[in-house]
K.L.:
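Input: one structure, supplied below.
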Amino acid sequence: MDTGPKLRRQMNPRYRANWFSILTFGWTLETFKFGYSRDIKDSDLYAPLPEHRSHDLGNSVEKAWEREVEIARTREKNAKPSLWLVIFKVFGSEFMLYGLILAAMEFLIRLQQPLFLGLLLRYYSPIQDANIGNLTMSSTYLSRLFNYYEIDSSVTWGEAVFFAFGIVFCSTLNVMVQHPIMMSIMHLGMKIRVGMCSLIYRKALKVSLQVISENSAGLVVNLMANDVNRFDSGPIFAHYLWIGPLETLLMTVYLYREMGLPAIYGSLVLIVAIPFQIFLGCQTAYYRKATAVTSDERVNLMKEIIIGIEVIKMYTWEKPFQRIIDIVRRHEIHYIKMTSYIRGVIMSFIMFISRFAIFFTVLLYVTFVGQITVENVFFLTSYYNITKQTMCLYFPQAIGQIAEMNVAVQRIRDYLISEECQIQPRITSEDKSQKESTRKRVRVDVKEKKPQLHSSVSQSDAGTSQTKTRDKNKETFKQIAVQFDEAGTKWINSDKKGDVENLNLTIYSETMAIVVGSVGSGKSTLLHLILKELPCTTGSVEVNGIVSYASQNPWLFVGSVRQNILFGQPYKKARYVEVCKVCALERDISLFPHGDKTVVGERGLSLSGGQRARINLARAVYKEDRELKILEFIQENAKETHEDESAPALQGSSIQPSTISLHGRHYSVLIDTSLIDQKPESESQTIGRVKGSVYRDYFLSGASCPCVAIVCVMFFLAQFCASACDYWISRWSAVEDRLTGDATMDIAIWDEQRLVRNDFVIIFAVITTATIVVALIRAFLFFSLCMKSSIRLHDNMFESISRSPMNFFHSNPSGRVLNRFSKDMGAIDELLPQAMIDCFQIMLNLVGVITVILLIDIALLIPILSALIIFYILRVIYIRTTGAVKRLEGITRSPVFSHVNATVLGLATVRSFDAEFLLAQEFDRHQDLHSGAWYLFISCSRAFGYFLDVICLMFIICVTFSCLMKTEFEGSSIGLAITQCISLTGIFQWGMRQSAEMENQMTSVERVLEYTKLPREAALKSEPNKKPPPDWPSQGRIDFEDLSLKYSPDGNLVLHNLQFSILPKEKVGIVGRTGAGKSSIIAALFRLAYLEGAIIIDGIDITNIGLHDLREKISIIPQEPVLFSGTMRKNLDPFDEYSDEVLINALKSVELQGEGESVGVLYKDVSEGGSNFSVGERQLVCLARAIVHNDRILVLDEATANVDAQTDSLIQNTIREHFKECTVLTIAHRLNTVIDSNKILVLDAGRLVEFDHPHILLQNKRGQFRKMVQETGPSMSNLLHKLASQVHIAISTTSSY
């Protein structure tokens, strides 16, 4: 949570623009000028407009949603609130206004243009009336338009000019109205998305832990990464769902009056296609829903993998997880492929449906009515071109996008109605000034009760041992802080048995209560009941006071150390210094490169485990006005290094408590691991346009060059057939127009063409059929190619990520990596192929139009070339500007995901600190930054379309008046030229924008390809001549020879020239203070970092063999146990190498198999992150993994840090029993666990200080190890001296025999 100063951004020029600038997009010129001169950076982004600020939109949507929820409660019993109604209430009036303006433009302007064209073409009719009355413009020109069907007389020159102006006027008004309205609709869609994202995040701050356990946390990420994007595209063409059919009916009326019944039959072709398009749209929705489910699963798996990548590498589990991802990905691609095929059919409609309707109408007309004229044909063509755009482009897109948006709305609605945690009312400072008797209490009562108790609780006065003898009468006058009355709860609602049941307990203020129990007994569950994170299923829980909470698993966010401690609280220097002192952070802060302003990585990755725990504790201690402090951390971790004599009496205990400190007494907790100070790198931004090599890599990743060439040929062939259709109908109509009715002359005309009417019909039918077939084949081949490329890119990126060194994950937040697998892959899967087929299809259509026009009048080559040059210049400027903006849009989206991830991981801490509002503000800031980039992108995109349509308008003027000046042209040629030009308006700018969109979406390919070329670890498998023997290591001897280690190639050394040997079967304890480099020893053994020197295991240098050959021979029980969603068996043996019997015996050894349980225990479900297991149980699963593998070398990285004394003893005994023939290295957090080791290795600042038997080291009065023992206190020090002596005597006695 960034609480530092924020960059002040310039006001968006749109905010101060006048109406003319808004309508003509003049305010964007400054952005284009700036974007062309240099790449736009993050600092160049404008501040968000007031109307799309995340905070305001979130408030509006949240209030409407809350009202809808209240209304739903008054309806039927199981009625669900409607998110659609919420969207309509907040944004509906604005949306409907834009729809009415669009309808007026379509009905009153566009439908009149064919009338002007028909009257203009009548001027070129071969049969002209010689006698034209003297009619004035005021009485004739408009009346000719209104009485189009009744007046059959010829058209004068003046009238022709007027009708030419009419054609241009309709196109001009269309351009001037459509673009600003579409921009407003896109802006509206953006506001809906921003409001929904804010609502989803606010829900995430309230959702119960039960919902998170049952539904993956990855669901929130996927909702924000993919589902909400439907609001950006859905509203754009939504109005054409009703405008399109109405426009078709009006068009049918116009055509009927011109051509009679054949026009109705031709229109039926379009009308019949409507149900088919609706069916395809519904199928799209079905496959979209299935895609969303599989995408959720894939993103969730990726999230688990990224978080647990270090464990995956150490266990050599990259391949099993790659197979799991591969299976899910194949299912996802199947649904995406079906959606793409449907889209391919719909997109092909624009190429053949209108042409087929024209063919059908003309065939019926010449068969049953008679001779057709040029005016008839192009009047018909002009109307079908309008409906082609409306019904074949906008209407099907509206169906598909609304269907997909409906799926997204339902998924978001289901999440929004999920159960919320029972957050207790917050007590303000004014409330606390009142008498304690007026304190507000929260009580949840449920009548149902269950008869079992799982936890035991001991209670004592803070800092004394006299609680048991305290006078009971005095105790009754104390304020009750927490009271359980027959309370019970469970983590998963579907479980029949509760995790805590029938709990009766009273905890008084100003006391310390310690909750103890074995692993899985419900200690953490009890604390979550107090926090109201879990609901009471039975009984009640009453809590008084403000809660401060330190979680067992430390939660940190990306920010400075100080920001993590303050967590939104005001900075008070004296208090802050005192807190850092009592939490033993002074030495840590002195070691940080920038003191307490050092930025920690996501989840505190740049800190050691102990430092994370201490900062987590300091946050809880710093919180002022706390009356109830809940500390869920590990006291034993302090025993290794230092415990103050004044610490609570608990310090000598050997149990692992979850602590509820109601008095607020503080003591230090130290856990020592190596220090890795790395500031997270900012995400790189590629400069300039997307290179041609990116396109090459994209297509060739899915198919070979010949296959790509075949797809290209099909595109050209489809356009050739389409242009041939247009040319042939023009030629046919020209012949028909020359017919006089005289049989002799008509025969001569047909002989001149060497074809008869039936020949024209057959050829037209063949070309039309070929257009349909080729267009469909082209679509299927193209989308199949894109899907293959998408599969390969995803697989290559996953393989590259899994092979990346650990420093990549230290310097890149999980949200950044997840953004590649969610947002970027979503764009490559769905958005990019659609943009590509649009672009290729429309660009080839442009080539066809230009070819047809040049065949009519070569003189038009000059305006064509001029227009193309202007098009190219505009496109270069646009691509250069929006390419950088689009990259910034992707970069500014990553912090949104990272923030959401961090929030979900630390929900309990966030809510206990009342920090929901602060985090919501931070989320709104992240989203506002992204909105600034997105609004700039859509504004530039729509402005580019507007400027292109203006150029097309100028081209229409040139063609129309050029043809008007040349009376020698046939009417068919004039009609073909003008209709072809008019068809470019709208379609061409869409194609050009899609070409730019294609290039912008190619930035996603560029970003994915960037992650396929990451630096890699060494080879997984050894070269044949260096491969170790199958039984290696047979003894377990380890020699460190002048070993140094650093975590990045250009980083500082963390280990310095270590030189020591560990004999076979030796048990070695590794100790040292924070930053000593203990965990770096593990990193060196597993080659997780960059090594200098050598590590020799049984005579083989591990730097010369494959990583898997090394890592699969070393077992580890990590400090933070990691489980993955799936079954217990998959967590123990993902390769399926061991029998059920071996796995069951391992679980028995760690007492994870209950009485009466058999093979079923192996198939018990494991939730994401193992959340349905306690931390101790997860640690036992890790121990079971080591038992199954039974390797010669075992590493324990503070493995008993999160377990109670009984489980600790179980782990120690199990290790002694199952690994007595193994070499064991133990990273120690408690000296009593390693005092019986054969040797102790003492590190300090990455250097070897001492290495010998603990008894010998204790004889050195100035030794580092002896000082550490003395710091544990007199009693513990004496005990450790005694144990070391006994072990040494036993070893000496054994060796003497």
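For this chain, numbers begin at 1 and follow the sequence in order.
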K.L.:
For Cys170, does its backbone N or O pair with a side-chain atom of Gln113 as donor and acceptor, under 3.5 Å?
P.N.:
no
K.L.:
Hydrogens and angles aside, do Gln178 and Tyr946 bring a side-chain donor and acceptor to less than 3.5 Å of each other?
P.N.:
no
K.L.:
Any donor and acceptor pair, going by atom type alone, linking the side chain of Arg942 with main-chain N or O of Met182 inside 3.5 Å?
P.N.:
no
K.L.:
Please tell me if the side chains of Met836 and Gln1001 come closer than 4.5 Å, counting only heavy atoms from C-beta onward.
P.N.:
no
K.L.:
Within 45° of the six-membered ring axis of Phe715 and under 6.0 Å from that ring's centre, is NZ or CZ of Arg778 located there?
P.N.:
yes
K.L.:
Output yes when a side-chain donor or acceptor of Ser198 lies under 3.5 Å from a complementary backbone atom of Val194, and no otherwise.
P.N.:
no
K.L.:
Could you go through Arg329 and Glu297, starting from their C-alpha distance and side-chain angles, then the distance that decides it, and tell me whether this counts as side chain to side chain contact (heavy atoms under 4.5 Å, CB included)?
P.N.:
CA-CA 9 Å; Arg329 177 66 175 162; Glu297 186 178 358; over 6 Å; no
K.L.:
Would you say Phe356 and Thr771 make side-chain contact, with heavy atoms under 4.5 Å?
P.N.:
no
K.L.:
Using the rule given for salt bridge (charged side-chain N to carboxylate O under 4.0 Å, His left out), can you reason through Asp829 versus Lys337, listing the C-alpha separation, both sets of side-chain angles and the distance that settles it, and then say yes or no?
P.N.:
CA-CA 9 Å; Asp829 288 341; Lys337 186 182 293 185; over 6 Å; no
K.L.:
Rounded to the nearest 0.5 Å, how far apart are OH of Tyr698 and CG of Leu785?
P.N.:
7.0 Å
K.L.:
Drop me the distance from Arg893's CZ to Met224's CE, to the nearest 0.5 angstrom.
P.N.:
10.5 Å
K.L.:
Which value, rounded to the nearest 0.5 Å, describes the distance between Ile837 atom CD1 and Met998 atom CE?
P.N.:
12.5 Å
K.L.:
Can you tell me if His331 has over 12 outside heavy atoms packed within less than 6.0 Å of its NE2?
P.N.:
no
K.L.:
How many angstroms lie between CD1 in Ile767 and CD1 in Ile729, if you round to the nearest 0.5 Å?
P.N.:
10.0 Å
K.L.:
Just by distance, with hydrogens left out, do Ser995 and Glu999 show a side-chain donor and acceptor under 3.5 Å apart?
P.N.:
no
K.L.:
More than 12 foreign heavy atoms under 6.0 Å from CZ of Phe780: is that the case here?
P.N.:
yes
K.L.:
Please determine which of Ile336, Ile342, Val407 meets the side-chain contact (heavy atoms from CB on, under 4.5 Å) test together with Tyr287.
P.N.:
Ile342
K.L.:
Quick check: closest heavy atoms across Cys725 and Phe764, and the distance to 0.1 Å?
P.N.:
O-CE1, 3.8 Å
K.L.:
Please name the residue in the list Met186, Met196, Glu94 that meets the side-chain contact (heavy atoms from CB on, under 4.5 Å) test with Lys191.
P.N.:
Glu94
K.L.:
Minimum heavy-atom separation for Tyr384 to Ser267, with atom names?
P.N.:
OH-N, 3.3 Å
K.L.:
Might you point out which heavy atoms bring Gln719 and Gly848 nearest each other, and give the distance in Å?
P.N.:
NE2-CA, 4.2 Å
K.L.:
Start with the C-alpha distance between Glu404 and Lys289, add both sets of side-chain angles, then the distance that settles salt bridge (charged side-chain N to carboxylate O under 4.0 Å, His left out), and finish with yes or no.
P.N.:
CA-CA 8 Å; Glu404 292 183 11; Lys289 189 172 183 178; over 6 Å; no
K.L.:
What I'd like to find out is whether the side chain of Leu261 reaches to under 4.5 Å of the side chain of Tyr256, using heavy atoms alone.
P.N.:
yes
K.L.:
For Asp227 and Ala408, work out which heavy atoms get closest and say how close.
P.N.:
O-CB, 3.4 Å
K.L.:
Looking only at non-hydrogen atoms, find the nearest pair between Pro180 and Val175 and report the distance.
P.N.:
CD-O, 4.3 Å
K.L.:
Run the ring-centre check on Tyr383 versus Tyr254 and record whether the distance is less than 6.0 Å.
P.N.:
yes
K.L.:
Using the rule given for side chain to side chain contact (heavy atoms under 4.5 Å, CB included), can you reason through Phe88 versus Phe95, listing the C-alpha separation, both sets of side-chain angles and the distance that settles it, and then say yes or no?
P.N.:
CA-CA 8 Å; Phe88 186 79; Phe95 181 67; 5.7 Å; no
K.L.:
Testing the basics here: between Pro396 and Ile346, what is the closest heavy-atom pair and its distance to 0.1 Å?
P.N.:
CB-CG2, 2.9 Å
K.L.:
Can a donor-acceptor pair be found, under 3.5 Å and without considering hydrogens, that links the side chain of Gln277 to the backbone of Met391?
P.N.:
yes
K.L.:
Side chain to side chain contact (heavy atoms under 4.5 Å, CB included) for Ile278 and Ile274? Distances and angles first, verdict last.
P.N.:
CA-CA 6 Å; Ile278 293 175; Ile274 293 176; 3.9 Å; yes
K.L.:
Quick one: pull up CG in Asn229 and CE in Met405 and give me the separation to the nearest 0.5 Å.
P.N.:
12.5 Å
K.L.:
Is there a side-chain contact between Tyr265 and Leu268, using heavy atoms and a 4.5 Å cut-off?
P.N.:
yes
K.L.:
Is there a donor-acceptor pair under 3.5 Å between the side chain of Thr294 and the backbone N or O of Ala290?
P.N.:
yes
K.L.:
Between Gln410 and Arg413, do the side chains contain an N or O donor and an N or O acceptor separated by less than 3.5 Å?
P.N.:
yes
K.L.:
Main chain of Phe937, side chain of Ser941: is a donor-acceptor contact present, judged purely on distance under 3.5 Å?
P.N.:
no
K.L.:
Quick one about Thr390 and Glu247 (side-chain donor to acceptor, distance below 3.5 Å, no hydrogens or angles considered), yes or no?
P.N.:
yes
K.L.:
Using the side chain to side chain contact (heavy atoms under 4.5 Å, CB included) rule, take Leu102 and Ile185 through it: C-alpha gap first, then chi angles, then the decisive distance, then the call.
P.N.:
CA-CA 11 Å; Leu102 272 180; Ile185 294 175; 3.9 Å; yes
K.L.:
Within the supplied structure, the quantity of interest is the number of heavy atoms (other residues, nucleotides, ligands) at a distance under 6.0 Å from Lys89 NZ; does it exceed 12?
P.N.:
yes
K.L.:
Hey, mind stepping through Glu332 and Ser295 against side chain to side chain donor-acceptor pair (under 3.5 Å) and telling me if it holds?
P.N.:
CA-CA 6 Å; Glu332 181 186 21; Ser295 295; 2.5 Å; yes
K.L.:
Which residue is it: Tyr935, Phe91, Trp934? I am looking for the one with a ring-ring contact (aromatic ring centres under 6.0 Å, His included) to His52.
P.N.:
Tyr935
K.L.:
Any non-hydrogen side-chain atom of Tyr335 less than 4.5 Å from a side-chain atom of Val293?
P.N.:
no
K.L.:
Checking Lys823 side chain against Ser1004 main chain: does a donor-acceptor pair fall under 3.5 Å?
P.N.:
no
K.L.:
Measure from the side-chain N and O atoms of Gln112 to the backbone N and O of Phe107, and report whether any donor-acceptor pair falls under 3.5 Å.
P.N.:
yes
K.L.:
Are the side chain of Ser790 and the backbone N or O of Cys786 linked by a donor-acceptor pair below 3.5 Å?
P.N.:
no
K.L.:
Does a side-chain heavy-atom distance below 4.5 Å link Val61 with Ile87?
P.N.:
no
K.L.:
Less than 4.5 Å apart, side chain to side chain, heavy atoms only: is that true for Gln401 and Pro235?
P.N.:
no
K.L.:
So do the side chains of Ile412 and Leu223 get within less than 4.5 Å of each other, counting heavy atoms only?
P.N.:
yes
K.L.:
Treating Trp242 as the side-chain partner and His239 as the backbone partner, does any N or O pair qualify as donor plus acceptor under 3.5 Å?
P.N.:
yes
K.L.:
Looking at CD1 of Ile236 and CZ of Phe231, how far apart are the two atoms once the value is rounded to the nearest 0.5 Å?
P.N.:
13.5 Å
K.L.:
Do you know which of Tyr394, Phe395, Tyr98 makes ring-ring contact (aromatic ring centres under 6.0 Å, His included) with Tyr240?
P.N.:
Tyr394
